[in-house]
Amino acid sequence: MEHKSQKIEVVVAAAEGYFALPPEWEDDERMNFLFSDFKENRDVSTTDWDSKMDFWTSLILKICRSRGTVCVNLQELNKIFQRKGIMPLGLATVIQCMARCGKIQRESEFAANVDCGWVSWGVGLLLVKPLKWTFSTLLGSSGVTLKELFVVIELVKEKAAELLGVYRSSPVANHSLLSFQELRTLSSHVCADESTLCMALLQLQREKQVTVSLHGGEKIVKFSQPGQNHVSPASDVDLGIYQLQRSERLLEERVEALGLEAEKYKEEARVLLREGKKSQALRCLRSRKRVEKKADHLYAQLENVKGILEKIANSQTDKLVIQAYQAGVSALRLSLKDVTVEGAESLVDQIQELCDTQDEVNQILAGGALNSTDADTDGLEDELRFLLENSSLDEPSTLPEVPSHPLSPVRESGSLCDDLLSALPTQPSLLCSNGMLR
């Protein structure tokens, strides 16, 4: 039964949006050790101390990351990690150790470390509620109160990078200035609450990627643009462009609303006309004309504002082009620093002289080789003619002489044998005069 109750606690913790607790959470013996307080002297048992400290440190980071927050306090941790009605006894020691190692920092100290204008942050310029700074917190009091907020440095850096990425990938990335509320809406899926957004902006201001100022009672955030190492303070030009862009958005919303209102009057007039209420339908049409006239007037103002913004954008482009020209002129001047017209002319003359010399050498070499080739060719042709003449006189002809008399007609195959026999020489006589054989 006890084991079942323990399982329910784990599920409830996950359902509240925290995360699934580690498996060893159900090991009573292990958890009794982890829930016990730290010994006053770490050297008594270094292994046990470090094991317990690593467990709670990693668990606190996982809890904050899963919830999307960057701040935590002791009271909240005691509630999250409560097990069977028992709270961990050593969380205050864990927080103190994490603070000494630089993993967490008091919210007041974190805001105070911003390079400029940190006092304005303390009076509530950016934070959800004014930071209650005291001399003890600014001097680094070692005590940990239940409600004192601590910023997890690793997580706030991650949130700052996410926030900057969200801005630069959004449709308003070309707007250097944004109101705090606009940024809150834009980053709602990244920053769980305004406190998280404020801490991320403080981190970006520390990294000189953001500057925050108050103008006309409105919090204005200026982001650095791509290619800039750090952000510059909001200038009068930036504020003027911001006001124009804000007016543009308001005019667009107003024109759209008037368009919907005109359509509404048109539909009402159609319905009244069908019902036979002609006079009321005429009044609706007059109202529609009046709304359309007002919308046309606002649309003309909107076009003027867009024209001014376009001219400002073009002027900024022209400024970049001029800066590029200036950089190009400076680079060209440096590259031609040691180059003169006289030196260039002398160099060209030397090159031409060397080319002429090379041409003369090539002509001489080509002419000599051509004459020698002609002489050799003539000698070879004479020798070849001599060999042909001698060979025709000395060597006997191997061909038969051409017959001078006409050829005899072809005989039949039977008389050919007779001719061959008659052509043979006569057989010599083998008898002597006395009739005896020789």
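Values in this document were obtained by computation on a predicted structure and should not be read as measured data. Just the heavy atoms: all of them, side chains too, but no hydrogens, waters or symmetry mates, feed the values below. Numbers for residues simply follow the sequence, beginning at 1.
- In this structure, SG in Cys64 is found 9.0 Å from CD1 in Ile104, a value given to the nearest 0.5 Å.
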> Does the pair Lys52 and Asp37 meet the rule for a salt bridge (charged side-chain N to carboxylate O under 4.0 Å, His left out), with working shown?
Replying inline: CA-CA 10 Å; Lys52 188 184 298 183; Asp37 200 358; over 6 Å; no
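- One distance of note links NZ of Lys79 with CE of Met87; it measures 12.0 Å at 0.5 Å rounding.
- Remark: aromatic rings of Trp25 and Phe35 are close, center separation under 6.0 Å.
- In this structure, Tyr299 OH and Leu251 CG are separated by 12.0 Å, a value rounded to the nearest 0.5 Å.
- Counting only N and O atoms by type, the side chains of Ser213 and Lys222 include no donor and acceptor under 3.5 Å apart.
- Salt-bridge check for Arg288 with Glu292: passed, with a basic side-chain N closer than 4.0 Å to an acidic carboxylate O.
- The shortest side-chain heavy-atom distance between Phe81 and Ile60 falls under the 4.5 Å cut-off.
- Ala234 and Leu177 make their closest contact through CB-CD2, 4.2 Å (heavy atoms, listed as atom of the first residue, atom of the second, distance).
- Here the side chains of Ile241 and Val237 are in contact, with some heavy-atom distance below 4.5 Å.
- Using a 4.5 Å cut-off on side-chain heavy atoms (C-beta onward), Arg67 and Ile63 make contact.
- Closest approach of Leu74 and Ala92 over heavy atoms only: CD1-N, 3.9 Å.
- Inter-residue side-chain proximity for Glu194 and Phe180 is flagged as met; some heavy-atom pair is nearer than 4.5 Å.
- Under a 4.0 Å N-O distance rule, the pair Asp296/Lys289 does not qualify as a salt bridge.
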> When you look at Asp356 and Gln352, which way does the side-chain hydrogen bond (donor to acceptor under 3.5 Å, both in side chains) test go after all the steps?
Replying inline: CA-CA 6 Å; Asp356 294 341; Gln352 187 62 45; 3.1 Å; yes
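- Under the 4.5 Å side-chain criterion, counting only non-hydrogen atoms from C-beta, Lys306 is in contact with Leu302.
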> Can you list the steps and then say if Asn362 with Gln358 is a side-chain contact (heavy atoms from CB on, under 4.5 Å)?
Replying inline: CA-CA 6 Å; Asn362 290 337; Gln358 182 67 28; 3.4 Å; yes
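- When the shell of 6.0 Å around CG of Asp236 is examined, it contains 12 or fewer heavy atoms from other residues, nucleotides or ligands.
- Cys284 contributes atom SG, which lies 10.5 Å from atom CG of Leu273 (distance to the nearest 0.5 angstrom).
- In terms of heavy atoms, Val156 sits closest to Met199 at CG2-O, 3.5 Å.
- Asp238 places a side-chain N or O within donor-acceptor distance of the main-chain N or O of Ser235, the cut-off being under 3.5 Å.
- With rounding to the nearest 0.5 angstrom, the CG atom of Asn73 is 7.5 Å from the CD1 atom of Ile95.
- For Ser169 (side chain) and Gly165 (main-chain N/O), a donor-acceptor pair under 3.5 Å exists by modelled atom type.
- A distance of 6.5 Å separates OG in Ser51 from CG in Leu34, rounded to the nearest 0.5 Å.
- Glu248 is not listed as a side-chain neighbour of Leu244, based on a closest heavy-atom distance of 4.5 Å or more.
- In this structure, Tyr167 and Val221 have side chains that are not in contact, with every pair of non-hydrogen atoms separated by 4.5 Å or more.
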> When you look at Val271 and Glu268, which way does the side-chain contact (heavy atoms from CB on, under 4.5 Å) test go after all the steps?
Replying inline: CA-CA 5 Å; Val271 172; Glu268 289 180 357; 5.8 Å; no
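- Counting non-hydrogen atoms of other residues, nucleotides and ligands closer than 6.0 Å to CD of Gln323 gives a total above 12.
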>> What verdict does the side-chain contact (heavy atoms from CB on, under 4.5 Å) test give for Phe110 and Arg206, after you've listed the backbone C-alpha separation in whole Å, the side-chain angles of each residue and the deciding distance to 0.1 Å?
In response: CA-CA 10 Å; Phe110 182 79; Arg206 177 182 292 183; 3.4 Å; yes
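- Across Gln205, Gln203, Gln209, a single residue satisfies side-chain hydrogen bond (donor to acceptor under 3.5 Å, both in side chains) together with Glu207, and that is Gln203.
- Surrounding CD of Glu303 are more than 12 heavy atoms belonging to other residues, nucleotides or ligands, all under 6.0 Å away.
- A donor-acceptor contact shorter than 3.5 Å links the side chain of Lys159 to the backbone of Val190.
- Ion pairing between Lys39 and Asp48 fails under the 4.0 Å rule for side-chain N and carboxylate O.
- The nearest pair of heavy atoms linking Leu59 to Pro22 is CD1-CD, 3.9 Å.
- The two atoms that bring Cys71 and Leu149 nearest to each other are CB-CD2, 4.3 Å, heavy atoms only.
- With a 6.0 Å radius and a threshold of 12 heavy atoms from other residues, nucleotides or ligands, His297 has its NE2 atom at or below the threshold.
- The pair Arg246-Glu182 fails the salt-bridge criterion, with no side-chain N (NZ, NE, NH1 or NH2) lying under 4.0 Å from an Asp/Glu carboxylate O.
- A salt bridge does not link Glu261 to Lys294: none of the charged nitrogens lies less than 4.0 Å from a carboxylate oxygen.
- Under a cut-off of 6.0 angstrom, the local environment of CZ in Phe55 is crowded, with over 12 non-hydrogen atoms contributed by other residues, nucleotides or ligands.
- With contacts defined as side-chain heavy-atom distances shorter than 4.5 Å, the pair Gln301/Leu298 qualifies.
- Judged purely by distance below 3.5 Å, without hydrogens or angles, the side chains of Thr57 and Asp54 never pair a donor atom with an acceptor atom.
- Distance alone, capped at 3.5 Å, places no donor-acceptor pair between the Ser346 side chain and the Gly343 backbone.
- Under 3.5 Å, the side chains of Asn78 and Gln82 contain no donor-acceptor pair of N or O atoms.
- Residue Glu275 qualifies as enclosed at atom CD: its count of foreign heavy atoms under 6.0 Å is above 12.
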>> For a side-chain contact (heavy atoms from CB on, under 4.5 Å) check, start with the C-alpha distance between Glu263 and Lys266, then their side-chain angles and the critical distance, and finish with the verdict.
In response: CA-CA 5 Å; Glu263 287 295 323; Lys266 182 179 178 180; 4.2 Å; yes
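- Of all heavy-atom pairs spanning Ala200 and Leu163, the tightest one is CB-CD2, 4.0 Å.
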